[in-house]
Each structure stands twice: as C-alpha cells, then as structure tokens.
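Everything on this sheet refers to the single structure shown next.
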Amino acid sequence: MTLELRPNCEYCGKDLEPASTEARICTYECTFCADCVDHILYNVCPNCGGFVPRPIRPSKEWRPGLSLSTRRASIKRIHLSYSHDDITAHSRRIKDIPPAER
Ligand SMILES: [Zn+2]
Ligand SMILES: [Zn+2]
C-alpha cells in the first residue's frame, strides 16, 4: 500500500504536482489545494473530516524501490460529486468541532 498522490485539487481542479507544498490530504487520500482548504472548506474534507499537509515522496531512491520513480503518482484526476452549496453546509456544521472529536 502506498499513499495515493492525486494530480489535482478535487474542488477547484488546480494541478498539484507530487512535490507541491500546497497539497492537503485527508485520511481517505482526498486531496485539495491549501487555498480551498483554508478559505472554502475550513479544514473539513467534503467526504469525511480534516486535513494534513501531503508528504512529499522523494524523487531520489534513497532506499531500494522507494522513490517517486518506482512508486509513481496517480494520473487519475478526481472531482467532487457534491454541489458547492452542499459542501459549504457540510463544512459549516463540522468546522468548529476539533478533528479528534469529529
Ligand atoms: Zn483547490
Ligand atoms: Zn476525505
């Protein structure tokens, strides 16, 4: 099992390269850009709970078989199926609950 590095923000569609420091990810690997997470989602994943910064997989193979070239990023673009209104309501009802209590 390897963390799925998705290629885009699932809200606005912005490209998120594997080395992007703007990528945020949730426990189910839902992926969004920092702008959307901070200003639209209020750190609430539209599919579940909260986010953390996505770790950057090394491009250099420091250990055998463990690098971006051997464990590649996903190229499958993913977009949310919920409406923007639905997502706003979801964020509002959850954003003030600490992540550990959601
Ligand atoms: Zn975005
Ligand atoms: Zn999620």
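We count ligands from 1, going down the list as the structure has it; atoms in each ligand are counted the same way. All figures in this text were calculated on a predicted structure; none of them were measured in a lab. Just so you know, residue 1 is the first one in the sequence shown, and it goes up from there.
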Practice problem: Indicate whether the side chain of T2 and that of R71 have a donor and an acceptor atom separated by less than 3.5 Å. | Solution: yes
Quiz item: To the nearest 10°, how many degrees is the angle C12 SG to the Zn ion (ligand 1) to C33 SG?
Solution: 110°
Quiz item: Should F51 and L80 be counted in the same cluster of Ile, Leu, Val, Met, Phe, Trp and Tyr side chains packed under 4.5 Å apart?
Solution: yes
Quiz prompt | Neighbouring protein N, O or S atoms of the Zn ion (ligand 2) [cut-off: under 2.8 Å, no waters] | solution = C26 SG, C30 SG, C45 SG, C48 SG
Quiz item: Are the side chains of E10 and L16 in touch, meaning some heavy atoms are under 4.5 Å apart?
Solution: no
Quiz item: Rounded to 10°, how many degrees is the angle SG/C36-the Zn ion (ligand 1)-SG/C9?
Solution: 110°
Self-check item: Worked verdict on Y11 versus H84 for side-chain hydrogen bond (donor to acceptor under 3.5 Å, both in side chains)
Solution: CA-CA 9 Å; Y11 189 91; H84 287 186; 3.2 Å; yes
Practice problem: Tell me whether Y42 is reachable from F32 by hopping between hydrophobic residues (I, L, V, M, F, W, Y) whose side-chain heavy atoms are closer than 4.5 Å. | Solution: no
Quiz item: In this structure, which one of T27, N43, I25 forms a side-chain contact (heavy atoms from CB on, under 4.5 Å) with V52?
Solution: I25
Quiz item: Are any of the side-chain nitrogens in D96 or R102 under 4.0 Å away from the carboxylate oxygens of its partner?
Solution: no
